[in-house]
Amino acid sequence: MKHIFQISAGRLVLPLIAALLFSSQLRSQGGTPITKERIEQVLTDAYNKYKDIKEGKNADYIKELAQVDPNIFGIAVVTADGQVFTKGDVTSMVSIQSVSKVFTMAKVIEEQGWQAVMDKIGVDATGMRFNSIVAVEMQKGKEINPLVNPGAIASTSLISGADSAAKWKNIVQIQSDFAGRQLSLNVPVYISEAGDNLRNQAIAHLLYAYGRMYFDPVQSTDIYTKQCALNVNAKDLATMAATLANGGVNPITKKKVVSQTTVMYTLPVMATAGLYDNSGIWLYKTGLPAKSGVGGGLLAVFPGKFGIAVVSPPLDEAGNSVKAQYVIAYVIDQLKLDPYWIEPKK
Ligand code: GLU
């Protein structure tokens, strides 16, 4: 049998070189390579097509968010091999808000394993609003997920650290490792939300009553609120998405942030519950696991290929950035990329 495996070196070298050259190159449906120029062109077209639309409005239930410039509009793509493409304003910061939930969940999966997140929080869509108390009450604190507020506060409570300061340090670290730079707190946003946070406190206490909050509920809610107030720009968010797209290794810093297994269990929750009540519609249109936040950020992951993110504060009724949804769907469509496109075997 041994001879079957004795392929000559020459026959191996050429396919190997070809594989190395093209493995990281993006290809559209049908296999056509996508050039850098093409990506730049599509981002420019998307920017021009959507920059003047006036739909949506800033979140205002957190008072500080209503003050953010609604005209901030930035698009970024970071590929799994670390190429960066940007268009528009990718330096203005917004608070990360719910997008942060993904990375705290990933850290909990990394520390405690996927089974723990399923058992202690849940990984099902609630079918209700992100801050629904009814969703908690109906299932006695079960069958929620880490991307809605109850599950996100429970994730925060599960993060390693003996006290609140240690947990906060670990959260800032994981969010920063995904972004590839040290993220900092937007203090006015934190103060604004912390001063008006009774609903999230109520959610945390209800979970606590059901034995499904794993640290002090007041402190867990406070850490969660701070986590949501970390400042990011479109490039940060695209890098965070690209780290997931690259199997847990940040493609810019090259740091291994989480394991491939953690990524494997993180992306399905994003696909299930990443865009609030419109998660199904989003997945139907783009096929991409994604996460939005009420600060106006939205990131999406093409596994193995790239992360894409848009920052634009005006939101639709469901709480998702209007321009961000248009832009990402447009880019995916124009580049002819959909993870569910399948070439039948000849
Ligand atoms: N900090 C926000 C809240 O808990 C996050 C909401 C969001 O982005 O969905 O209400």
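Atoms within each ligand, like the ligands themselves, are counted from 1 in listed order. Computed from a prediction, not measured in an experiment: that's the story for all the values here.
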Does ligand 1 have any atom that is closer than 4.0 Å to a heavy atom of N131?
->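 Not so, N131 does not reach ligand 1.
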
What are the atoms of ligand 1, with element, lying closer than 4.0 Å to any heavy atom of [X]?
X    : result
Y276 : 7 (C), 8 (O), 9 (O)
C228 : 1 (N)
F130 : 6 (C), 9 (O), 10 (O)
N149 : 3 (C), 4 (O), 10 (O)
G293 : 8 (O)

Quick one: look up the protein heavy atom nearest [atom] and list residue, atom name and how far away it is.
atom                    : result
atom 5 (C) of ligand 1  : Q97 OE1, 3.2 Å
atom 4 (O) of ligand 1  : Y224 OH, 2.7 Å
atom 3 (C) of ligand 1  : E193 OE2, 3.1 Å
atom 10 (O) of ligand 1 : Y61 OH, 2.6 Å

Which pairs with one or both residues in residues 99-126 pass salt bridge (Lys or Arg N to Asp or Glu O under 4.0 Å), sequence neighbours excluded?
->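 Pairs touching residues 99-126 that pass the test: K107-E111.
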
Taking atom types as modelled, find out whether [X] and [Y] have a side-chain donor-acceptor pair closer than 3.5 angstrom.
X    : Y    : value
T286 : Q325 : no
T126 : E143 : no
N149 : Y224 : yes
S160 : N170 : yes

Got a sec: does the OH of Y208 have more than 12 other heavy atoms crowding it under 6.0 Å?
->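 No - once you tally the heavy atoms of other residues, nucleotides and ligands closer than 6.0 Å, there are 12 at most.
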
Heavy-atom distance to atom 8 (O) of ligand 1: which of V99, N320, V294, T225 wins?
->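 The residue whose heavy atom sits nearest atom 8 (O) of ligand 1 is V294.
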
Is N145 reaching over with its side chain to a backbone N or O of G122, donor-acceptor style, under 3.5 angstrom?
->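 No, the answer is negative, given that no donor and acceptor are paired below the 3.5 Å cut-off.
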
So how far is it from I159 CD1 to I171 CD1, rounded to the nearest 0.5 Å?
->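 Separation between the atoms: 5.0 Å.
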
Counting both backbone and side chain atoms, is some N or O of S292 under 3.5 Å from an N or O of ligand 1?
->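 Min N/O separation from ligand 1 is not below 3.5 Å for S292.
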
Tell me who clusters with M138, hydrophobic residues only, linked when side chains sit under 4.5 Å apart either directly or through other members.
->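 For the cluster that includes M138, the remaining residues are M128, V134.
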
Per-residue contact class, S98 against ligand 1 - non-hydrogen pairs under 4.0 Å =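 Both backbone and side chain of S98 come within 4.0 Å of ligand 1.
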
